[in-house]
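The next block holds one structure in the form of structure tokens; read it before the comments.
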Amino acid sequence: MIPVLLSLQIELHVHLDGAIRIKTIVEVAKRRGITLPVNGEDEMRDLVIMHEPATLTEFLGKFNHYMHAIAGDREAIKRIAYEFVQTKAEEGVLYVEARYSPHLLANKGVDPLPWDQKPGDITPDDVVDLVNQGFKEGEKAFKTKVRSILCCLRHKPNWSMDVVELCKKYRKDGVVAIDLAGDESMNCESYPGHKRAFEEAVRSEVHRTVHAGEVGSANVVKEAVEVLKAERIGHGYHTLEDQTLYKRLLQQNMHFEMCPVSSRLTGASDPDFTKHPLITFKKDKANYSLNTDDPTIFNSTLNSDYQVVQKYMDFTEEEFKRLNINAAKSCFLPAKEKEELLEQLYEAYGMMEKYQNTCASVRPLLEKTNFPHSAGICKGSVFSISLLGTQQHAMGGRPP
Ligand SMILES: O=c1[nH]cnc2c1ncn2[C@@H]1O[C@H](CO)[C@@H](O)[C@H]1O
């Protein structure tokens, strides 16, 4: 058994539509009378989950198997958002930024309609509203804080202006940033829709992250930073191929949203984790977070990623603390909420003297759980906890 370093994690890169429960897909399809490519949960699992390294294109094809079951259905959209928060709470996540394309879940006002849907009455704007409702209810029920990032898609430059307008409209209602996802082989200079949307994001002070250097070259990262004014890079492994750029980004303290399990299965990195670019980022004390990306398709939890880096990349307690603090510092919450988040981490990590006395208030929560080895938390190290099966919020998520 591997001792897993469990704590109040911060997750900044996870796709809502890559985190849908297979059970939900099957149930919703049945309720709506929608045909799935195979029958039953087990067969859907076999079809959707990736076990062996493949390509980003093959990976992106997995969404075709199930998105038509969820898109264009109010109840389903709200349900996947609500269940997402529950899943993250069970994983021990304190704060998560979930991303999705509102267009890919809509059945009205999108040209062309995705997934061969029949026209309906759910616009991308309605999708954002529904996801917000699910997140809010989930947050209330499960106590994990969640915010959303709206995705533009590389192959859909015509949607990007809509996306930035939705980010602006819902900025007071849980939407914290814009992203550009999809196939990196398409650059943005040739697709001015993305460039214009990101310029508008800069003008309107909408935060920006961009998928770059996942399977694409360091040039895609350069473009993300220089043209799209990305404040964070999704993945970014191939940045290392341009040492000048890499050093500049290190100096600028650019945040990299690393997804180790994902990178192996999408062919973004060497399948041998001991050769993963993340090892270099760690050695250089870069600013990065650990993330699941698309846990449904990778059959993973955030703890899978933590286990992998612990087992194959020699991650220590100190590094887990450092990366989560960096994640909190690089999240897209407003300053005051970011500070509160950081304080919770410092407190949990025993890194802020003034918070150490409040440990007394956390201990009763721990004692209510059956969580093994919980005594260590109030000695200033939540990482002395080892995880034996259960992934519940051992410390109740946050101090009362
Ligand atoms: O790892 C990834 N790289 C690039 N695009 C991705 C990845 N994971 C998901 N998506 C794309 O982002 C959309 C919105 O969530 C997903 O539908 C998928 O097309």
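Remember, it's 1-based here, ligands and their atoms both numbered in the order they're listed.
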Are any of the N/O atoms on F63, whether in the backbone or the side chain, positioned under 3.5 angstrom from an N/O atom of ligand 1? no
Looking at A181, which atoms of ligand 1 are within less than 4.0 Å of one of its heavy atoms? 5 (N), 12 (O)
Taking only Lys NZ, Arg NE, NH1 and NH2, and the carboxylate oxygens of Asp or Glu, determine whether E41 and R21 approach each other closer than 4.0 Å. no
Tell me, please: is T266 in heavy-atom contact with ligand 1, that is, under 4.0 Å? no
Within the 4.0 Å heavy-atom shell around L56, which atoms of ligand 1 are there? 3 (N)
With a cutoff of 4.0 Å, is S101 in contact with ligand 1, counting heavy atoms of the residue only? yes
What's the shortest distance from atom 5 (N) of ligand 1 to any protein heavy atom, and which residue and atom give it? G182 N, 3.0 Å
S262: heavy atom below 4.0 Å from ligand 1, yes or no? no
With I10, the side chain to side chain contact (heavy atoms under 4.5 Å, CB included) member among L345, V93, V96: L345
Nearest neighbour in protein (non-hydrogen) for atom 17 (O) of ligand 1: D17 OD2, 2.5 Å
Using heavy-atom distances, let me know which of H235, E184, K62, H15 sits nearest atom 11 (C) of ligand 1. H15
What are the atoms of ligand 1, with element, lying closer than 4.0 Å to any heavy atom of L60? 5 (N), 6 (C), 10 (N), 11 (C), 18 (C), 19 (O)
Using the six-membered ring wherever Trp is involved, compare the ring planes of H235 and Y237 and label them parallel, tilted or perpendicular (cut-offs 30° and 60°). perpendicular
F63 and F59 aromatic ring geometry - parallel, tilted or perpendicular at 30°/60° bounds: perpendicular
In ligand 1, which numbered atoms sit nearer than 4.0 Å to a non-hydrogen atom of L104? 17 (O)
Charged tip of K282 within 45° of F315 ring normal and under 6.0 Å: yes
What class does the angle between the rings of Y288 and F281 fall in, given that below 30° is parallel, 30 to 60° is tilted and above 60° is perpendicular? perpendicular
Tell me which protein heavy atom sits closest to atom 3 (N) of ligand 1, plus the residue, atom name and distance to 0.1 Å. E214 OE1, 2.7 Å
For atom 8 (N) of ligand 1, what is the nearest protein heavy atom, given as residue, atom name and distance? D294 OD2, 2.8 Å
Separation between CD (E97) and OG (S148), nearest 0.5 Å, reads 9.0 Å
Atoms of ligand 1 less than 4.0 Å from Y100 heavy atoms? 15 (O)
At under 4.0 Å between heavy atoms, which part of D293 makes contact with ligand 1: side chain, backbone, both or neither? side chain
Is the shortest side-chain N to carboxylate O distance from E319 to R322 below 4.0 Å? yes
Select one of side chain, backbone, both or neither to describe which atoms of L16 lie under 4.0 Å from any atom of ligand 1, heavy atoms only. neither
Validate the cation-pi geometry between R154 and Y191: distance from NZ or CZ to the six-membered ring centre under 6.0 Å, angle to the ring axis within 45°. no
Under 3.5 Å, is there a donor-acceptor pair between the S289 and N291 side chains? yes
